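Reviewing the structure listed below.
Note that this is a predicted model, so its numbers are computed, not measured. Each ligand, and each atom within it, is numbered from 1 in the order the structure gives.
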Amino acid sequence: MARKKIVAGNWKMNKTPSEAVALVNELKPLVASEDVDVLFCVPAIDLVPVLEAVKGSNIQVGAENMYFEESGAYTGEISPNMLTDIGVKYVIIGHSERREYFAETDETVNKKVLKAFEHGITPIICCGESLTQREQGITIDWIRQQIKIAFQNVTADQAKTAIIAYEPIWAIGTGKTATSDQAEEVCAAIRECIGEIYDDATKEEIRIQYGGSVNAGNAAELFAKPNIDGGLVGGASLKADFGKIVNYK
Ligand code: PGA
């Protein structure tokens, strides 16, 4: 079974609600595609207006984070049922910026992944090594550990629908993209790891994105790799270039 590519924008902390609607309207005609799943992951406050603005288009909408409890005294957090209530079907979990600035750990990532599945939300599970770890030669060991903890108690049927984003931290927002061979090597290792945890069917079905300075110039080479099923795109998702990334062929 050929895996369908998925190209997701990660807007991070950019765009007010009115700017968000304007950006969706600008990008809508540029990201039309039947071959690729297109997803905009946007700040929580933009979700409702963006869901409205994408109606009738091929664009799907995701959140950038959520909490692992249903409700309660967690000031400032967003619960899974708040997301499903407005029709959100995807959520980014464990982005390296959340790990670095908001103390997320592999354990909280796992709790959020389980909670997302419980609510029928597809998690985009982020992993990635620092430059020091790459230089120490522990990239694959590190990523395998992140994956194994993130998928604790996740069933094979759930894992099949998950999306993993491999994002080397040194490549995020730096303009320093991993080479397509570097990205492919780690994405292939992630797929092997999923095969070890589950089975061949899960290994073949799960989609693995590359993220880290993806742009209109490097998307085609990255996405042509056998184990790279699309991208998680930060900076370039906020401009017309995103259309070129979606239509990379
Ligand atoms: P970037 O961000 O494309 O700006 O490097 C990617 C990400 O953090 O998801």
Side-chain angles (χ1 to χ4, degrees), residues 5-15 19-20 23 27 30-31 36-44 46-47 50 59-66 88 90-104 106 109 112-113 116 122-131 133-134 139 142-143 146-147 150 162-180 182-184 186-187 190 207-223 225 228-248:
K5 302 266 190 226
I6 177 161
V7 176
N10 172 12
W11 288 13
K12 309 195 179 186
M13 196 177 74
N14 293 294
K15 303 296 168 186
E19 289 168 349
L23 181 60
L27 293 182
L30 307 178
V31 300
V36 173
D37 284 333
V38 179
L39 177 65
F40 288 11
C41 296
V42 307
D46 295 341
L47 286 167
V50 166
I59 302 166
Q60 304 188 75
V61 179
E64 297 178 11
N65 179 35
M66 62 163 224
V88 170
Y90 294 86
V91 63
I92 299 174
I93 302 285
H95 189 279
S96 61
E97 286 150 16
R98 295 217 53 89
R99 295 177 191 251
E100 182 176 353
Y101 305 127
F102 303 100
E104 295 213 7
D106 290 333
V109 167
K112 290 181 176 193
V113 167
T122 301
I124 299 170
I125 304 161
C126 301
C127 60
E129 82 287 3
S130 66
L131 189 57
Q133 289 168 326
R134 178 158 283 269
T139 297
W142 176 258
I143 303 286
Q146 287 188 317
I147 294 296
I163 298 162
I164 296 172
Y166 166 56
E167 299 203 306
I169 297 167
W170 48 272
I172 294 177
T174 57
K176 233 174 117 181
T177 323
T179 65
S180 55
Q182 283 173 326
E184 167 65 12
V186 180
C187 290
I190 292 170
R207 292 191 287 183
I208 305 174
Q209 300 175 313
Y210 167 77
S213 299
V214 174
N215 60 42
N218 58 30
E221 186 182 333
L222 286 160
F223 299 172
K225 292 290 183 185
I228 300 180
D229 305 315
L232 182 57
V233 185
S237 71
L238 298 167
K239 35 188 195 184
D241 264 18
F242 195 60
K244 297 198 185 113
I245 298 173
V246 168
N247 294 293
Y248 63 95

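Contact of the Val38 side chain with the Val7 side chain is not registered, since no non-hydrogen atoms from C-beta on lie closer than 4.5 Å. Put simply, the side chain of Gln146 reaches to within 4.5 Å of the side chain of Ile143, judged on heavy atoms. Put simply, the side chain of Ser237 does not reach to within 4.5 Å of the side chain of Asn10, judged on heavy atoms. In this structure the side chain of Leu23 never reaches within 4.5 angstrom of the side chain of Phe40, judged on heavy atoms. Counting only heavy atoms from C-beta outward, the side chains of Glu104 and Asn65 approach each other to under 4.5 Å. Glu97 places a side-chain heavy atom less than 4.5 Å from the side chain of Ile172.
Of the protein's heavy atoms, Gly235 N, 2.9 Å lies nearest to atom 4 (O) of ligand 1.
Taking CZ of Phe102 as the reference point, atom NE2 of His95 lies at 11.5 Å (rounded to 0.5 Å).
Judged by distance alone, the side chain of Tyr210 and the main-chain N or O of Ala178 form a donor-acceptor pair under 3.5 Å. Judged by distance alone, with hydrogens and angles left aside, the side-chain atoms of Ser180 form no donor-acceptor pair with the main-chain N or O of Leu222 at under 3.5 Å. Counting only distance, with no hydrogens or angles, the side chain of Arg134 and the backbone of Thr139 share no donor-acceptor pair below 3.5 Å.
The shortest N or O to N or O distance between Thr174 and ligand 1 is not below 3.5 Å. Remark: ligand 1 and Gly234 share an N or O pair separated by less than 3.5 Å (distance only, no angle test). No N or O atom of Val233 sits closer than 3.5 Å to an N or O atom of ligand 1. Between Ala236 and ligand 1, a contact under 3.5 Å exists for no N or O pair.
Contacts between Ala165 and ligand 1, counted as non-hydrogen atom pairs separated by less than 4.0 Å, are absent for every part of the residue. Counting heavy atoms closer than 4.0 Å to ligand 1, residue Ile172 contributes atoms from both its backbone and its side chain.
Applying the 4.0 Å criterion to heavy atoms of His95 picks out, from ligand 1, the atoms 7 (C), 8 (O), 9 (O). Listed by atom number, the atoms of ligand 1 under 4.0 Å from Ser213 heavy atoms are 1 (P), 3 (O), 5 (O). Applying the 4.0 Å criterion to heavy atoms of Gly212 picks out, from ligand 1, the atoms 5 (O). Near Leu232, meaning under 4.0 Å from any of its heavy atoms, are these atoms of ligand 1: 6 (C), 9 (O). The Ala171 neighbourhood of ligand 1 comprises atoms 5 (O), with distances under 4.0 Å to a heavy atom of that residue. Remark: ligand 1 atoms within the under-4.0 Å shell around heavy atoms of Glu167 are 6 (C), 7 (C), 8 (O), 9 (O). Ligand 1 places these atoms under 4.0 Å from at least one heavy atom of Gly173: 1 (P), 4 (O), 5 (O).
Closest heavy-atom approach to atom 2 (O) of ligand 1 among the candidates Lys12, Glu97, Glu64: Lys12.
Contact analysis leaves Gly211 out of contact with ligand 1, as no non-hydrogen atom separation drops below 4.0 angstrom.
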